[in-house]
Amino acid sequence: MKITVVGTGYVGLVSGACFSEVGIEVVCVDIDQKKIDKLKNGIMPIYEPGLEEIVKRNYASGRLQFSTNLGEAIQGSEVAFIAVGTPPGEDGSADLKYVLAVADEIGRTMSDYIVVATKSTVPVTTGEKVRAAIAGAQEKRGTNIPFAVASNPEFLKEGAAVEDFMKPDRIVIGVDDERAEEIMKRLYKPFQLNGDRIIYMDIPSAEMTKYAANAMLATKISFMNDIANLCELVGADANMVRKGIGSDPRIGNKFIYPGVGYGGSCFPKDVKAIIKTGKKYGYELRVLQAVEDVNDDQKYVLVKKVKQHFGEDLSGKTFALWGLSFKPNTDDMREAPAIVIIDELIAAGAQVKAYDPIAMKEAQHIYVGDKITYAKDAYDACVDADALLLITEWSEFRIPSWSALGKLLKNKVVFDGRNIYDKSYLAENGFEHYGIGTQDPVQQLIKNAL
Ligand code: UDX
């Protein structure tokens, strides 16, 4: 079986590599010649655990190929996945120009029946636009070769993308053509040997499923951040409340961790896009608008706490920052809360000394020159810093040596943006701990004064 995957970003590269891993012949196509050359030389455009090994192994065996020539790649392919970017346009709606350009090229070059499946997160009705683009391109060259359109949204998480692909919870396929359904079934068989997890549906429902899934997860996070902020005011502890509500299986204990706000390439973009879709149809998605607003504000919460402790003017102060990526196990800094936090600290006159196990190279594209200092390790970031800010919960930050940190930091103060430290343990070690939705030192002072 041969397939083509267009776009070698997160979704395309991981999907292509994983399909080749189970024996399928895969051509990954991208218009970026440099990226393709690098991939041929085993250089990954992204950091993703396990990906490099799979790519190198399957490229060496010839099962995985890289090309810039889409017309050539699709010859003999039973499926062409479109996994190119859908960046937000100025108004927040997903820009489909790359998706439709690929559809057009498929229409211009196809010579046999093919299933064209969108894997990028695309707004409802994109399937129809893809169908029209392929048919239109065929009409121009006077052909009418049969083809099918499908929607096969990807639910992979950065940092666990390979595992998510190899062992999916569910595979959603929107399709309206029996032959296409059979082909997709054959393609996904190797990933679900221990039980069928494909959910077939119509194309608009599949397109909507992806947005609804991300919007629901984003809602859980903003809901919990909202509750956490209230916990601080009323004297409750959000960590306890989280455990208390998470034990109800209807709520579940996942994705209810308060923090410094969600980031990444999906939630912010997809929440904006679905709100935009609602507006287009004259419907206001009020819950999701609130989800977005809460998240925008949440990125400022930690610096507000820093200012409560040190005062509004932070000039002359230096802060150690642990974690830059939007979450652990990725170098991705798109919409990362760290960016808002660093900008706010700098705007208040402070200096920032940052450390991240993987994302420092990425951060250097954002903070060029000496705007911030990059530390050689987590402890180095704390040398003579006025306080420590934990932004991303990488494993290596979980149990630091508090005695060593106590000697390196000027003040024993920790702003814990992910609630990974135990407040009372830190207190025993002489540290003041500010968390998210917990009773912080400043609040306790206010309460004692009342
Ligand atoms: C997400 C979806 O999980 C995935 O299914 C979809 O395909 C793409 O979008 P990803 O963006 O990789 O994946 O990250 P995810 O692990 O979902 O985390 C998103 C953000 O939410 C991160 O910034 C994370 O720190 C934050 N988060 C997550 C919280 O603040 N609290 C939580 O309880 C969970």
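Just so you know, residue 1 is the first one in the sequence shown, and it goes up from there. Atoms within a ligand are numbered from 1 in the order they appear, just like the ligands themselves. What you see is a predicted model, and the numbers here were worked out from it, not measured in a lab.
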State whether the shortest distance between N or O atoms of Gly259 and N or O atoms of ligand 1 falls below 3.5 angstrom. no
Nearest non-hydrogen contact to atom 5 (O) of ligand 1 from the set Phe155, Phe326, Tyr257 belongs to Phe155
Ignoring hydrogens, just give me the one of Lys327, Glu335, Arg334, Lys269 whose non-hydrogen atom is nearest atom 15 (P) of ligand 1. Lys327
Any chance the side chains of [X] and [Y] put a donor and an acceptor closer than 3.5 Å?
{"X": "Tyr188", "Y": "Asn152", "result": "yes"}
{"X": "Glu21", "Y": "Asn58", "result": "yes"}
{"X": "Ser93", "Y": "Asp95", "result": "no"}

Numbering as shown, the atoms of ligand 1 that approach [X] to under 4.0 Å (heavy-atom distance):
{"X": "Glu158", "result": "12 (O)"}
{"X": "Arg418", "result": "25 (O), 30 (O)"}
{"X": "Lys210", "result": "7 (O)"}
{"X": "Lys157", "result": "3 (O), 12 (O), 13 (O)"}

Flag the pair [X] / [Y] as yes when their ring centroid distance falls below 6.0 Å, and as no otherwise.
{"X": "Trp402", "Y": "Tyr421", "result": "yes"}
{"X": "Tyr355", "Y": "Tyr379", "result": "no"}
{"X": "Phe155", "Y": "Phe165", "result": "no"}

Quick test: of every protein heavy atom, which one is nearest to [atom], and how far off is it to 0.1 Å?
{"atom": "atom 20 (C) of ligand 1", "answer": "Tyr262 CB, 3.6 Å"}
{"atom": "atom 29 (C) of ligand 1", "answer": "Ile221 CD1, 3.6 Å"}
{"atom": "atom 17 (O) of ligand 1", "answer": "Phe255 CZ, 3.1 Å"}
{"atom": "atom 1 (C) of ligand 1", "answer": "Phe267 CE2, 3.4 Å"}

How does [X] reach ligand 1, if at all, at less than 4.0 Å between non-hydrogen atoms: by side chain, backbone, both, or neither?
{"X": "Arg242", "result": "neither"}
{"X": "Ile256", "result": "backbone"}
{"X": "Glu154", "result": "backbone"}
{"X": "Leu156", "result": "backbone"}

For ligand 1, is Cys266 a contact, meaning one of its heavy atoms is under 4.0 Å away? yes
When you measure from the heavy atoms of Glu393 to every atom of ligand 1, does any distance fall below 4.0 Å? no
To the nearest 0.5 Å, what is the distance between CD1 (Ile36) and CD (Gln65)? 11.0 Å
Audit row: Glu292, Lys272, salt bridge (charged side-chain N to carboxylate O under 4.0 Å, His left out) steps and yes/no: CA-CA 8 Å; Glu292 201 191 8; Lys272 274 193 182 67; 3.0 Å; yes
On the six-membered ring of Phe415, is Lys305 placed so that its NZ or CZ lies under 6.0 angstrom from the centre and within 45° of the ring axis? no
Just to verify, what does Tyr374 make a ring-ring contact (aromatic ring centres under 6.0 Å, His included) with, not counting sequence neighbours? none
Can you list the residues that meet the ring-ring contact (aromatic ring centres under 6.0 Å, His included) rule with Phe147, with sequence neighbours excluded? none
